[in-house]
Structures are given as C-alpha cells and as structure tokens.
Amino acid sequence: MKLRVWSRNTWKTAALALVLLVVAGCGSNKQTANGETEITVLLDWYPNAVHTFLYAAQEQGYFQDAGLKVNLQTPADTNDALKLVATGKADLALSYQMQVAISRSEGIPIVSVGAIVRHPLNQLLVLDSAGINSPKDLVGKKIGYPSIPLDEAIVNTMVKSDGGDPSKLSYTDVGWDLIPAMTTKKVDGIIGGYVNHEKLLLEKEGEKLTAFDPSKYGVPDYYELVLTASEEGLNSKSDAIKKFIEAAGKGQAYTASHPDEALQLLLDEQSADFPLDAAVEKQSLAILLPLMDAGKEPFASQSEQSWNDVITWLTEQGQISKSVKAAEAFRNL
C-alpha cells in the first residue's frame with residue numbers, strides 16, 4: 001500500500017514512461033507468432049526480492065512451457081496497478097488484500113486470484129532506545145506514518161488489543177521519509193515500513209529495532225501481497241491466468257530450493273534506474289520465503305475465512321463503507 005525508498009514524486013516520475021507503455025499496449029488477448037498468449041503483469045513496486053519467483057519462472061522457461069509470453073511491468077503507483085487491471089489495460093497486478101477489499105467497496109471490479117505473501121510485512125517498528133516493550137507503551141511516544149488512515153487503524157487496534165488507550169496516541173506525518181524519521185530520532189516508531197525492507201535498511205544504518213506483528217495484536221493475519229485480475233479478465237482469460245499461476249508456483253518452488261540462484265536471476269535483470277543492494281535483498285528473501293509458504297495448500301491458495309476476517313475488521317475500522325462479499329473478492333483457480 002505504499003512506495004518504500006525514494007520519495008513518492010521521484011518514484012512516480014521515474015516510472016511514468018513505463019505506465020504510458022502499459023496503457024498503450026496491454027490487456028488484450030494477444031497471440032505471439034509462436035502461438036503464445038501474452039500476459040501483462042504489473043508489479044506492486046520496482047523489482048525486488050518478493051518478485052524473485054516471477055523472474056525465476058521467466059528465466060527457467062516455466063511461462064514459455066505453459067504457452068505464455070509474460071511481460072513484467074512496473075507501475076508508478078500501487079493504485080495505478082489496480083485501476084489499469086480493472087479497466088483492461090493490463091491482465092494481472094500484484095496488490096494488497098486490504099486494498100482489494102477497499103477497492104471493491106468503491107465499486108472497482110478487482111478480484112484476488114492468489115495469495116503471494118501470506119502474512120503481514122507491514123509491521124510496527126520501534127527503536128529499542130525508546131523503551132517500547134509492547135504496543136501499549138506507544139502512549140506518550142511519537143509514531144511516524146505516511147498519513148494513511150489504514151496504517152493508523154492498524155496501530156490503534158494493536159494498542160487497544162495490548163490494553164492501551166489509542167485515543168492518547170501521537171502520530172507524526174513523515175510522508176515516505178520513514179527511514180530518516182527513525183535515524184534522526186524524529187519519531188520513536190513507524191508504521192508503514194516492511195520487515196523485509198525498511199527494517200533491514202535501518203539495521204544496516206546501525207539502528208537497533210523491535211518489530212511487532214499486527215496479527216499478534218488484534219489485526220487479522222492478512223495476506224500482505226496478492227495477485228489480482230479484473231472480473232472481465234477472469235471471464236476472458238481464465239485459462240491463461242490459471243496457467244500463469246501454475247507456472248509462477250514452479251518459480252516459487254525453484255526459488256525456495258535454490259534461493260541464491262533464483263535471486264541472482266532477479267539481480268541480473270535489475271534496472272540501472274533502481275539498483276538493488278544484493279546483501280539486503282538476500283536477507284529480504286530469507287524473511288519472505290517462510291511467509292510465502294502455503295504449506296500443504298497449493299501455491300497462492302486463499303481461504304474465505306481470511307477474507308471474511310479482513311472485511312469484518314476493515315468495516316469495524318471505518319475503512320469500508322459499502323458491503324463487500326468475501327466470496328466475490330477472491331477466487332482460487
């Protein structure tokens with residue numbers, strides 16, 4: 001639900017050309033000269049460790065074996081990705097479970113077709129020097145956040161669940177400068193930072209942190225990252241989308257069994273505009289792999305219980321004003 005390193009404006013400017021390319025040429029039932037079906041997939045952010053399974057599937061030939069030509073694209077903004085898919089200008093997009101539920105409440109015909117990261121990455125990060133032993137200790141402290149009501153609702157729920165009074169919390173809008181806000185001690189903790197990214201970068205700066213998982217403090221154990229399609233796209237391309245998920249699952253299996261080799265495939269494809277820190281991405285992937293593991297369930301599988309829990313919580317927090325049916329928000333292919 002956010003952009004996590006460069007400033008929002010810098011990231012949007014850098015990615016604008018890609019968005020224009022996506023809008024110009026995506027979303028139709030194209031066939032290549034080899035008879036492959038073209039699928040355009042919008043990432044949630046610039047390519048990083050969480051996308052390793054896609055690049056592994058691409059480079060290992062799993063998509064090609066499935067009769068697909070997959071175009072991985074980077075949108076300028078998470079919201080752009082959902083809107084482009086909803087309007088048929090792209091076939092699939094990585095987004096967030098809560099954002100899908102909120103979008104459906106706003107009448108956007110988006111459907112989640114797979115859970116990719118199955119647990120929260122957006123966690124409450126606090127400086128050890130601030131003396132915060134549990135969420136209720138945030139009372140009297142400064143909490144930095146990117147002015148997103150949903151992030152505020154997460155912390156309020158955590159503090160209340162921990163026996164604290166959320167009405168006594170003090171929030172500081174730091175925009176997307178989450179890391180500088182912590183290193184300069186402008187705030188004592190942040191919400192909106194990911195344990196596989198901001199936490200790692202702050203620790204690289206020498207900061208000692210504690211992360212509190214929202215799902216341990218009253219927030220549903222939600223899917224952080226999901227794969228989405230439009231309702232119309234599911235009707236017209238369901239077979240191709242199913243093949244994509246199966247091939248992506250092989251990419252995830254390869255990544256889990258060959259993490260270093262798979263990550264290198266991603267690093268080899270990185271853009272000069274958005275260079276990756278190989279050491280940080282290696283740490284990130286190690287954090288991500290268990291959170292992406294579906295266990296005995298098929299790759300990307302979803303449960304109606306998870307969607308019901310998320311929708312109920314969002315409704316209670318005033319994030320959803322119009323009723324959303326869980327069974328219509330997701331589909332297991």
Asker: What pairs meet the side chain to side chain donor-acceptor pair (under 3.5 Å) rule with one or both residues in residues 322-333, with sequence neighbours excluded?
Answerer: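 The answer is none; no pair qualifies.
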
Asker: Within a 6.0 Å radius of atom CD on E231, are there more than 12 heavy atoms belonging to other residues, nucleotides or ligands?
Answerer: yes

Asker: Scan the side chains in residues 56-63 for donor-acceptor partners under 3.5 Å anywhere in the protein, sequence neighbours excluded, and list what turns up.
Answerer:
residue: Q58; atom: NE2; partner: V70; partner atom: O; Å: 3.0

Asker: Only pairs under 3.5 Å count here: list side-chain donor-acceptor contacts from residues 245-253, not counting sequence neighbours, and write none if there are none.
Answerer:
none

Asker: Under the rule for side-chain hydrogen bond (donor to acceptor under 3.5 Å, both in side chains), what residues qualify as partners of D137, not counting sequence neighbours?
Answerer: none

Asker: When T52 is tested against each of L285, L289, L288 for side chain to side chain contact (heavy atoms under 4.5 Å, CB included), which residue passes?
Answerer: L285

Asker: Among all residues two or more places apart in sequence or in another chain, which pass the side-chain hydrogen bond (donor to acceptor under 3.5 Å, both in side chains) test with T255?
Answerer: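 Listed in chain order: nothing, the list is empty.
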
Asker: To the nearest 0.5 Å, what is the distance between CG on L178 and OG1 on T183?
Answerer: 11.0 Å

Asker: Step through the shown structure and confirm whether more than 12 heavy atoms of other residues, nucleotides or ligands are within 6.0 Å of NZ on K186.
Answerer: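 Count not over threshold, so no.
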
Asker: Less than 4.5 Å apart, any side-chain heavy atom of L314 and any of L150?
Answerer: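 Touching, per the 4.5 Å side-chain cut-off.
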
Asker: Between E297 and R118, does at least one N-O distance fall below 4.0 Å, as a salt bridge requires?
Answerer: no

Asker: Assess, by modelled atom type and distance only, whether the side chains of Q264 and D268 contain a donor and an acceptor separated by less than 3.5 Å.
Answerer: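 Q264 vs D268: donor-acceptor pair found between side chains.
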
Asker: For E224 and Y194, test the side chains for any donor-to-acceptor distance below 3.5 angstrom and give the result as yes or no.
Answerer: yes

Asker: Could you check whether any side-chain heavy atom of V187 comes within less than 4.5 Å of a side-chain heavy atom of I143, counting everything from C-beta outward?
Answerer: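 V187 does not reach I143 side chain to side chain.
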
Asker: Only pairs at least two apart or in different chains count here, so list each side chain to side chain donor-acceptor pair (under 3.5 Å) that has a residue in residues 303-316.
Answerer: Q97-S306, T157-W313, Q302-W307, Q305-D309

Asker: Where the side chain of S161 meets the backbone of M158, is there a donor-acceptor pair that is under 3.5 Å apart?
Answerer: no

Asker: Check whether any side-chain heavy atom of Y145 lies under 4.5 Å from a side-chain heavy atom of T172, and answer yes or no.
Answerer: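 No; the side chains remain at least 4.5 Å from each other.
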
Asker: For Y171 and N156, which I'm curious about, is there any donor-acceptor pair between the side chains at under 3.5 Å?
Answerer: yes

Asker: May I ask you to decide if V41's main-chain N or O and Q73's side chain share a donor-acceptor pair within less than 3.5 Å?
Answerer: no

Asker: Checking the side chain of D177 only, and the main-chain atoms of P180 only, is there a donor and an acceptor separated by less than 3.5 Å?
Answerer: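 Checked: no pair found.
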
Asker: Give a yes-or-no answer on whether the side chains of N71 and E38 include a donor-acceptor pair shorter than 3.5 Å.
Answerer: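 Side-chain D/A pair, N71 to E38: present.
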
Asker: Do other residues, nucleotides or ligands put more than 12 heavy atoms under 6.0 Å from the NZ atom of K141?
Answerer: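 Enclosed: over 12 neighbouring heavy atoms sit under 6.0 Å from NZ of K141.
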
Asker: So does Q64 have more than 12 non-hydrogen atoms from other groups sitting under 6.0 Å from CD?
Answerer: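 Atom CD in Q64 is not packed in, count stays at 12 or less.
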
Asker: Just wondering, more than 12 heavy atoms not from K136 lying within 6.0 Å of its NZ?
Answerer: yes

Asker: Does a donor on one side chain and an acceptor on the other come within less than 3.5 Å for D213 and H119?
Answerer: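 No pair is found: no donor N or O on one side chain lies under 3.5 Å from an acceptor on the other.
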
